[in-house]
Asks: 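Sharing a structure, written as structure tokens. Questions coming.
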There are 4 protein chains.
Amino acid sequence: MTSPQDFATLAADYWSTSIIDIHPGSIKVRGYPIEELIGAVSFPQMIWLMLRGELPGDGEARLLEAALVASVDHGPHAPSIAISRMAVSCGLPLNGAMASALNTLDDVHGGAGQQAVELFHAIEHAQSQHATLADAIEQQIDAFIATRGKYLPGFGHRFHPIDPRAGRLLGMIDEAAANGVVSGRYATIARGIEALLQTRKGRAIPMNIDGATAVIYAELGFAPELARGIFCLSRAVGILSHAWEQRGRAERNKGPMPRQMPYRYTGASERHLDGESQ
Amino acid sequence: MTSPQDFATLAADYWSTSIIDIHPGSIKVRGYPIEELIGAVSFPQMIWLMLRGELPGDGEARLLEAALVASVDHGPHAPSIAISRMAVSCGLPLNGAMASALNTLDDVHGGAGQQAVELFHAIEHAQSQHATLADAIEQQIDAFIATRGKYLPGFGHRFHPIDPRAGRLLGMIDEAAANGVVSGRYATIARGIEALLQTRKGRAIPMNIDGATAVIYAELGFAPELARGIFCLSRAVGILSHAWEQRGRAERNKGPMPRQMPYRYTGASERHLDGESQ
Amino acid sequence: MTSPQDFATLAADYWSTSIIDIHPGSIKVRGYPIEELIGAVSFPQMIWLMLRGELPGDGEARLLEAALVASVDHGPHAPSIAISRMAVSCGLPLNGAMASALNTLDDVHGGAGQQAVELFHAIEHAQSQHATLADAIEQQIDAFIATRGKYLPGFGHRFHPIDPRAGRLLGMIDEAAANGVVSGRYATIARGIEALLQTRKGRAIPMNIDGATAVIYAELGFAPELARGIFCLSRAVGILSHAWEQRGRAERNKGPMPRQMPYRYTGASERHLDGESQ
Amino acid sequence: MTSPQDFATLAADYWSTSIIDIHPGSIKVRGYPIEELIGAVSFPQMIWLMLRGELPGDGEARLLEAALVASVDHGPHAPSIAISRMAVSCGLPLNGAMASALNTLDDVHGGAGQQAVELFHAIEHAQSQHATLADAIEQQIDAFIATRGKYLPGFGHRFHPIDPRAGRLLGMIDEAAANGVVSGRYATIARGIEALLQTRKGRAIPMNIDGATAVIYAELGFAPELARGIFCLSRAVGILSHAWEQRGRAERNKGPMPRQMPYRYTGASERHLDGESQ
């Protein structure tokens with residue numbers, strides 16, 4: 001039987017954390033008094049400290065910041081952005097609109113970066129077991145397609161022949177690698193994938209925003225799942241901005257299409273409970 | 001009757017936005033090609049550009065960054081942080097945990113900054129109709145308490161006698177005002193509120209994190225509702241970090257308290273459908 | 001200082017509830033052993049028991065059931081239904097799609113029933129202070145429009161000249177009133193509102209689904225806020241059904257409109273960080 | 001290039017559905033005019049019609065209703081119930097509290113029923129390839145444990161030695177099978193699993209609520225994923241009821257534990273940006 005003393009200990013342990021220590025008049029984040037961080041570290045540095053427990057170097061913070069800046073928005077055709085606007089028109093405050101929208105950054109809409117980092121890791125591991133990078137890439141691409149389907153995360157874009165964000169980000173990664181900030185090995189892997197796709201398809205399937213940011217996250221040592229998490233922090237900016245723009249409009253219960261546009265009914269013909277159809 | 005041509009126009013207008021313009025190979029944010037922003041503007045600058053349509057000055061960006069850094073986390077007693085951890089233990093991915101948690105940053109948990117900015121604006125307006133700031137403050141504080149209740153947003157803290165974040169933020173605001181970055185008039189209003197509370201209560205009810213960040217948002221010209229929105233961007237970092245820490249634990253269906261701890265049932269005694277109680 | 005014993009008591013009180021009592025091998029809902037309720041009470045009766053603490057009479061349960069059946073769906077133009085489908089296409093499981101969608105049943109999209117019950121209560125109260133029902137209605141309608149805006153909750157429909165659900169529900173309410181199940185006084189109030197609107201506008205602004213279900217909730221003694229809550233239970237069925245239909249489709253990241261349809265950009269012309277516009 | 005006419009067709013197809021057909025003054029659900037369903041079909045029958053396209057028989061509806069009644073609540077230790085209460089204390093309306101809570105009914109907290117139906121289907125399929133049911137069960141249980149872990153969905157309960165809901169539900173299934181309403185073959189499979197677990201563990205690991213409702217869903221022909229979806233409809237009742245009870249309390253920002261109870265900090269010792277630790 002649990003004693004009262006045990007309850008106090010149980011509860012303290014149950015909610016234990018290594019992130020933040022709070023006492024009356026004192027807040028320490030990962031050991032640092034919060035008042036020393038404010039005004040001294042950048043927001044990306046704070047994100048890194050919270051997630052990793054240590055502060056990043058300047059070059060690392062610069063890459064993370066670039067990834068955060070690059071992914072904020074891709075317009076109202078993106079379900080998350082549209083949902084944010086629709087939610088505001090339903091009466092939701094900004095926090096609620098952000099919640100409904102961020103929720104949809106799941107496997108399909110927000111998971112490509114995570115999947116790309118996982119793929120890079122798998123290739124890296126395979127390479128450590130094989131002779132050549134090219135073989136490792138081919139093996140893992142085939143394995144991915146066989147088990148996960150034809151959409152290779154991080155490469156190609158339904159809309160952009162060339163994603164204007166990817167090239168800029170890759171340039172920054174190359175610069176960071178040249179300066180010893182990162183190793184550059186994930187950039188090499190990603191370019192190897194591009195080369196293989198070019199060969200197989202006979203046309204370029206270039207890295208997109210998810211691929212380029214995945215290279216950054218992998219180079220910086222973030223776990224794959226955090227590629228999704230950090231993307232959520234970035235896209236939250238676009239979600240908030242569109243919610244705020246929508247607040248200025250008089251629309252109520254904004255549906256997916258203007259009300260004058262009909263949808264198509266494809267179901268059963270009219271019928272009645274007594275069995276008579278009409 | 002709506003013509004097909006009208007449908008195309010209707011739909012284009014229905015989802016119109018001034019935030020982002022996208023064409024194959026081209027993404028422009030508030031007019032700027034995205035590839036020129038990446039690596040050139042900071043994440044807080046990008047947040048400002050997205051929300052306001054123009055880039056901030058360095059001093060303005062510095063204040064916004066301080067507010068973003070200051071509010072990331074206040075530990076697992078905060079419902080939003082606890083919910084994030086509980087959600088992960090239920091099997092949710094990071095995006096889903098963030099959604100359930102951010103959703104709760106509503107009027108009570110995430111609305112104090114917005115309410116404080118509204119209060120500052122109300123005092124500013126009243127002052128423009130009155131002789132003295134002190135009168136305007138007294139009038140608006142009384143009005144707030146009469147209609148909204150006893151919790152004055154932005155002042156006092158249930159846990160911290162002095163909130164260590166507030167003083168640091170105020171110091172930065174004063175510095176920015178001295179440098180002409182901001183006017184400093186909302187800092188004056190907020191300190192006037194502190195003075196009144198001190199007089200009335202006979203003890204200090206100092207500004208807390210919500211009050212100090214509200215001064216920043218008001219000084220920077222953000223609409224009150226965006227105080228809540230930007231707080232959501234900041235606290236999203238803590239929510240993500242605790243979700244990620246929780247991911248490393250084996251807990252499943254983490255409830256509010258350890259399972260060994262009982263809750264109290266306060267309802268009807270046992271009874272049965274045939275009307276017999278036991 | 002809090003003793004360990006106090007912690008155990010504190011925690012038990014903190015999570016106290018009168019709804020459900022659980023012990024190993026025993027679950028009692030509002031005093032009833034769960035195994036006696038299963039197979040013996042209907043789902044609407046169980047909803048009532050959970051919310052109210054007592055089981056309803058058959059006539060009351062029948063009215064609640066009618067309201068639950070009537071509100072399940074109003075097609076994909078409704079933001080909640082569209083969001084549910086969009087969420088599934090983003091990779092969300094059914095629980096997640098339901099969450100993003102239900103969240104939007106806020107003041108504008110899900111609050112009309114609650115507002116209508118509040119209006120009925122206000123009229124009832126005013127009537128208790130006045131000579132005639134007609135005066136009370138006129139006074140409260142004017143007050144509502146003055147403070148809340150022109151959309152009178154529960155009356156008129158942007159799409160249906162006559163809402164086919166409302167008449168059927170009102171017929172059931174009249175029948176229940178004739179049988180002494182309910183008083184019928186809220187139906188009288190609602191019809192008085194219809195009469196006033198007819199006189200003022202020169203055309204019928206008939207009760208809609210929200211108005212008719214609000215009459216049911218008011219007649220049954222549910223608090224106004226539960227009109228929203230019970231509507232959420234009902235619409236959850238439509239949200240789930242559309243999510244499930246969407247699961248059968250191959251669409252990924254379903255936006256509000258087909259991808260071929262453009263949106264309109266209304267913002268700044270192209271410009272560059274060096275200040276040159278193009 | 002897409003013509004305006006194509007846009008109208010594209011949009012109509014994009015949001016097509018077989019569930020509901022709406023025209024001014026007319027709402028037909030799966031072909032039935034809504035006004036004929038109201039007052040004529042029960043809420044569980046309506047749920048079935050919406051999800052399946054046809055109305056169930058009375059015996060089928062009775063089993064579905066039992067499952068809906070049985071799962072409404074399991075007290076505030078359940079994360080979903082606690083989150084609902086916490087959300088209300090943060091200022092959320094009922095729809096928002098329900099959203100944050102329902103969201104957490106994911107794989108771990110809301111997925112057991114779905115997983116159990118999948119397991120039953122796998123055993124059924126394996127049996128069609130093998131000589132005996134016992135072999136099929138053993139094979140599939142071993143496969144599940146090898147790939148999914150030690151928690152066999154639907155069997156055993158961390159709290160109840162015998163789940164009082166399961167026996168009652170199984171009795172109803174047996175009765176329905178005796179009356180030819182369902183085949184009873186999934187009840188046989190589930191009992192075979194119980195027998196194997198008893199043999200292996202040397203003690204009873206009886207079916208729990210998830211196992212018993214999974215038998216119902218499988219017997220009624222619902223797809224596995226709908227076991228999760230229908231559970232969400234049921235648990236939404238408990239989530240709403242606890243949200244409503246919480247509304248009556250003065251608590252603000254209700255965290256997981258009373259504020260007097262400390263949590264344990266397990267992270268870095270105090271340190272400073274200049275590198276000095278304290």
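Numbered from 1 within each chain, the chains take letters A, B, ... in sequence-line order.
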Asks: Please report the shortest heavy-atom distance between N95(C) and L105(D), naming the atom on each side.
Replies: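 The answer is CG-O, 3.0 Å.
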
Asks: Between chain D and each of M257(C), M98(C), M46(C), H160(C), count heavy-atom pairs under 4.5 Å; write down the option with the most.
Replies: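 Ranked by contacts with chain D, first place is H160(C).
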
Asks: Short question: side chain of W244(C), backbone of E225(D) - any donor-acceptor pair under 3.5 Å?
Replies: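 No; zero donor-acceptor contacts below 3.5 Å.
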
Asks: Quick check: does any side chain N or O of Q260(C) sit under 3.5 Å from a backbone N or O of F7(D), one acting as donor and the other as acceptor?
Replies: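 Not a single qualifying donor-acceptor pair exists.
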
Asks: Begin with the C-alpha distance, continue with both residues' side-chain angles, and end with the deciding distance and a verdict on side chain to side chain contact (heavy atoms under 4.5 Å, CB included) for H242(D) and I20(C).
Replies: CA-CA 10 Å; H242(D) 282 271; I20(C) 190 164; 4.1 Å; yes

Asks: For the pair E245(C) (side chain) and T17(D) (backbone), establish whether a donor and an acceptor sit closer than 3.5 Å, ignoring hydrogens and angles.
Replies: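 Between the backbone of T17(D) and the side chain of E245(C) there is no qualifying donor-acceptor contact (under 3.5 Å).
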
Asks: If you count heavy atoms of other groups shown closer than 6.0 angstrom to CD1 of I205(C), is the number above 12?
Replies: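 More than 12 within 6.0 Å, yes.
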
Asks: In terms of heavy-atom contacts, does CG of D58(D) have more than 12 from other residues, nucleotides or ligands at under 6.0 Å?
Replies: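 Open.
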
Asks: At what distance, to the nearest 0.5 angstrom, does CD1 of I27(D) lie from CD1 of I209(C)?
Replies: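 One gets 7.5 Å once the value is rounded to the nearest 0.5 Å.
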
Asks: Rounded to the nearest 0.5 Å, what separation is found between the CZ atom of F43(D) and the CD1 atom of I47(C)?
Replies: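 One finds 5.5 Å between CZ of F43(D) and CD1 of I47(C).
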
Asks: Would you call E35(D) and R165(C) a salt bridge, using N to O less than 4.0 angstrom?
Replies: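 R165(C) and E35(D): not salt-bridged.
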
Asks: Of the listed residues (T104(C), L63(C), L233(C), L102(C)), which shares the most heavy-atom pairs with chain D below a 4.5 Å separation?
Replies: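 Winner by heavy-atom pair count: L233(C).
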
Asks: So Y14(D) and M261(C), side chain to side chain contact (heavy atoms under 4.5 Å, CB included) or not? Walk me through it.
Replies: CA-CA 11 Å; Y14(D) 198 64; M261(C) 299 180 76; over 6 Å; no

